[in-house]
J.: 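This is the structure, below, for whatever I ask next.
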Amino acid sequence: MSRSARNVGVYLLILVALVLVVVMVFRPATTSGEKPLSYVIQQAQAGKVEAIEVSADQLKVKVRDQNEPIRSRKETAASIEEILRQNGVPVAQSGIEITVRGPSQFGSVFGLMLNFLPLIIFGAILFFMMRQAGGANNQAMSFGKSRARMFTGQKTTVTFMDVAGQEEATQELGEVVEFLKYPEKFAALGARIPHGVLLLGPPGTGKTMIARAVAGEAGVPFFHLSGSEFVEMFVGVGASRVRDLFEQAKRNAPSIIFIDEIDAVGRQRGSGLGGSHDEREQTLNQILVEMDGFDSNSSVIVLASTNRPDVLDPALLRPGRFDRQITLDLPDVRGRRAVLDVHSKGKPFDPGVSLEVIAKQTPGFAGADLANLVNEAAILAARRNKKRISMDEMNEAVDRVIAGPERKSRVITETEKKIIAFHEAGHTVAGYFSKRADIPFKVTIVARGMAGGFTRSLPSDDRRLQDRSYYEAMMTMALGGHAAEELVFGEMTTGAHDDIGKVTSIARNMVTQWGMSERLGPRTFGRRNSMVFLGRDISEERDYSERTAEEIDDEVRRLIDEAHVRCRALLNEHRDKLDALAARLVDVETVEGDELLTILGPWEGRPLPGELDMGRGTGTTPPAGGLPASGEGEAEEAPQGRPGIAWGNTNAAQPSD
């Protein structure tokens, strides 16, 4: 029960007690059904009274010819025998049986308590107020105490079996767990326990979940808290909490400390990025001292996670503090399948559901995205009153995670509907007949989120390295909507706003970052300060002249113009396919799979109807979904949009598009 609930309960108890006191003190005595004492004396004088039972000042009189005794009351100190004798009723001669009963023990105690009740209530109120004041003092004294939650490992919730798609990270952390369980195995070889393990990766890749799995597997005390919990407005509080945290961990050794989002407190000192904060820097200094000052036999390991390793202090990252840095990347197709298997446990699926197909449809999805996808499918099945989750719900969930829920209530004119249909058909036709582009497998004009419609492409597999031909083909596909509007209606609309922005970004990266310009050669232009795993640029420092800037602009324009010319040529060559697909979209709003392939017809390097299976490529199409790289395995730039999403008709600039 929370402290506020207890306080409310105490106040209600005091209120009820006060009400009871008032009622008991001021309640008038009940005299209904009682006879006056004079009536009893008259009956006794008439010889009708058989027995009298006396209890304090109350009388219970048994009268002849009456089934129920009558009740009366006398003075407390008076004797009923004296009263009868004074009124000429001799008790001995009249045969009246008088019985005197003493008061009950409970009644005397209750009466005593009733007399002292005001004093008891006052004392209880005074005790409660002193306790509250003492609690406030305790809170003030414990302000510098650590607020870490400790898990003892007795109740296992998450294990490594629940973590999928991160085999290398699981193996590395499995060694840490094994070290805590069997330290003699490593000590025999002279190995020492790692002081710290830093988990790096984009949001949603499972950094916190794998830390929870370590807590479940290790079976040792596990202290968990967020990096922001160290930082307070009072100087010295964070450092005090760090000291208290490590003292608790050492007392419970072997143990594990997990600091989530350590970048909140571990930013580089004196950098000025985000402003300087003396309290944060003092807290970081204390963490550095505690981590580097461990006794080798203390068996305390620090786990930390962040998606901003670029802002961490170098002293925090050096060996001796964080000996291991484990990167959790976006899962590949096998990893996505394993993640789907984990999150599908306990959910009823139709026999026709293929998680392999869903895994191939979702390149670029993190573990959190896939968990949300399965949950959305279950919610959709429940909304439709189904007992099992079918493939329809899974495909719908993919679209919801990518672009948001459908906006079927949006009212559009027939003209606008036709424009959107040709726009999306232009993307699809340009992508399908560009050999190096990904295979379009779903096109819709149903509005989702900010998009008036969208086209989804399917890469044949996951790959990190892409070549110039692939990006040129994807630029051609991205300009399909703009070129189709210009070709069919004679002018373009604002629906291509987002497409043009993506094409411009790809072309500029090809020239300035990826060395794909023959004119400017293999070099980069501009130094970017980027958020590594978040894919955002904070600033860019120009390290080239104005003349070079003009050459960059010329190259970017040349790439875009060439893509636009290729796109127009493809749409003119396959105008019949464009018209047929647009007409079908106006009728049914969504075309996908074999129906889409049937409309577009056979083409070199493209699957025939029945071969795509909503997730299987032909193996001849270059893959998508990776980070463009300038060196072997070294990513330089974040991908342009989530892989698997083609280019949609957005309404960012105009609500009707």
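Keep in mind the model is a prediction, meaning the values are calculated, not measured.
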J.: To the nearest 0.5 Å, what is the distance between CG on L312 and CZ on F322?
T.: 8.0 Å

J.: Check this for me, if you would: do R436 and D467 make a salt bridge, where the nitrogen-to-carboxylate-oxygen distance has to be below 4.0 angstrom?
T.: yes

J.: Look at the side chain of K207 and the backbone N and O of L198, then say whether any donor-acceptor pair between them is shorter than 3.5 Å.
T.: no

J.: Can E175 and R324 be counted as an ion pair, charged N to O under 4.0 angstrom?
T.: yes

J.: Identify whether the distance between the nearest side-chain nitrogen and carboxylate oxygen of E589 and R448 falls below 4.0 Å.
T.: no

J.: Work out which heavy atom in V503 is nearest to a heavy atom in A478; give both atom names and the distance.
T.: CG2-CB, 3.3 Å

J.: Run the salt bridge (Lys or Arg N to Asp or Glu O under 4.0 Å) test against E491 and tell me which residues pass, sequence neighbours left out.
T.: none

J.: For the residue pair H224 and F258, categorise the inter-ring angle as parallel (less than 30°), tilted (30 to 60°) or perpendicular (more than 60°).
T.: parallel

J.: Going by an N to O cut-off under 4.0 Å, is there a salt bridge joining D579 and K577?
T.: no

J.: Near K386 NZ, under 6.0 Å, is it more than 12 heavy atoms from other residues, nucleotides or ligands?
T.: yes

J.: Could you state the interatomic distance from CD1 (I389) to CD (E376), rounded to the nearest 0.5 Å?
T.: 11.5 Å

J.: Is any side-chain heavy atom of V353 closer than 4.5 Å to one of D350?
T.: yes

J.: Assign the ring pair F433 / H574 to parallel, tilted or perpendicular, where the plane angle (0 to 90°) is split at 30° and 60°.
T.: parallel

J.: Could you tell me if T598 and E595 have a donor-acceptor pair between their side chains, going purely by distance under 3.5 Å?
T.: no

J.: Any heavy-atom pair between the side chains of R456 and E592 that's under 4.5 Å?
T.: no

